[in-house]
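Here the structure is laid out as structure tokens; the discussion comes afterwards.
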Amino acid sequence: MAASGRPVTVHDLQTCKREGRRFAVVTAYDYTTARILDAAGIPVLLVGDSLGMLMLGYSSTLPVSMEEMLHHARAVARGAPARLLVGDMPFDAYHASDAEAVHNAAAFLKAGMNAVKVEGGGRVVGLVAHLVERGIPVMGHLGLTPQFVNSFGGMRVQGRSGDDRRRILDDALALQEAGAFSLVLEGVPRDLGAEVTAALRIPTVGIGAGPDCDAQVLVVHDLLGLTQDPMPKFVRAYGNLGAQAVDALAAFAADVADGSFPDDAHSYH
Ligand code: KIV
């Protein structure tokens with residue numbers, strides 16, 4: 001996608017959907033990781049509010065502030081300016097009023113993002129139309145939306161009952177009609193992921209939603225094996241960088257302790 005070096009746009013994602021080409025989305029929270037993701041050719045980077053847990057050590061995504069999100073968004077924009085960059089609207093940034101939501105979404109665009117993501121259906125649908133009308137592309141997010149963890153009573157797979165399935169499908173269609181350019185589907189049964197994907201013109205981006213979505217997103221720390229925390233079922237770790245980092249740091253400390261680092265080759269003369 002956009003191999004010419006031209007920036008990736010929301011229209012490129014629609015073309016992928018039309019042509020049946022799948023694409024990868026990965027979270028990014030800092031400059032160096034954004035450069036690595038750019039070098040790997042990942043077309044869409046999501047500055048997810050998961051940064052609250054992975055970069056800041058909060059126990060959920062709920063405490064993350066706009067100020068914290070913007071700080072990380074600016075760093076990612078400096079690292080991968082030609083990728084499609086999506087800023088995740090934090091929990092308290094878009095519910096009080098449409099005016100506040102526009103203000104916060106605009107702040108993401110000023111920070112170098114190309115779009116924002118909001119969680120939920122229902123009353124969020126009107127807000128999506130409001131943002132889209134003002135030139136702010138929006139990615140929707142349905143299913144196991146982490147900002148609703150307290151309402152769900154934990155991180156539970158959504159869309160298992162008939163009513164829940166219908167609600168997710170109806171919300172997906174409503175978000176598409178409101179102008180969302182794509183839709184994250186998180187933590188839903190595989191067949192629901194397939195059904196929603198088949199029903200929409202816009203691409204679905206699955207995370208724990210099975211293989212039939214148009215795209216897949218993973219959290220970069222999970223994908224690279226950077227943490228040693230237990231992984232959810234839907235994650236495949238493509239690296240073991242956390243353990244490698246521990247080994248490298250322990251080797252450094254041992255070399256310093258026994259005087260073998262620095263040696264003459266790492267000294268100035
Ligand atoms: O915040 C995040 O990382 C996300 C993705 C996992 C979809 O919302």
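As the structure lists them, so they are numbered: ligands from 1, and atoms in each ligand from 1.
- Scanning the protein for heavy atoms near atom 8 (O) of ligand 1, the closest one is Lys117 NZ, 3.1 Å.
- Without hydrogens or angle criteria, Ser182 side chain to Ile202 main chain gives no donor-acceptor distance under 3.5 Å.
- Between Glu186 and ligand 1, not a single N/O pair is under 3.5 Å apart.
- Per-residue contacts place Thr27 under 4.0 angstrom from the following atoms of ligand 1 (heavy atoms of the residue considered): 3 (O).
- Remark: the backbone N or O of Phe261 is not paired with any side-chain donor or acceptor of Asp255 at under 3.5 angstrom.
- Using a non-hydrogen distance threshold of 4.0 Å, Glu119 does not register as a contact of ligand 1.
- When only interatomic distances are considered, the shortest N/O to N/O separation between Tyr29 and ligand 1 does not fall below 3.5 Å.
- Of all protein heavy atoms, the one lying nearest to atom 2 (C) of ligand 1 is Ser50 OG, 3.2 Å.
- Residue contacts with ligand 1 for Ile207 involve side-chain atoms from C-beta outward but no N, CA, C or O (heavy atoms, distance under 4.0 Å).
- Remark: side-chain polar atoms of Gln216 are paired, donor with acceptor, to backbone N or O of Gly210 under 3.5 angstrom.
- Regarding atom 5 (C) of ligand 1, its nearest protein heavy-atom neighbour is Leu46 CD2, 3.6 Å.
- Sorted by first then second residue, the side chain to side chain donor-acceptor pair (under 3.5 Å) pairs that include residues 144-156, not counting sequence neighbours, are Asp49-Gln147, Tyr94-Gln147.
- Classification of Asp164 and Arg167 as a salt-bridged pair holds, one side-chain N sitting under 4.0 Å from a carboxylate O.
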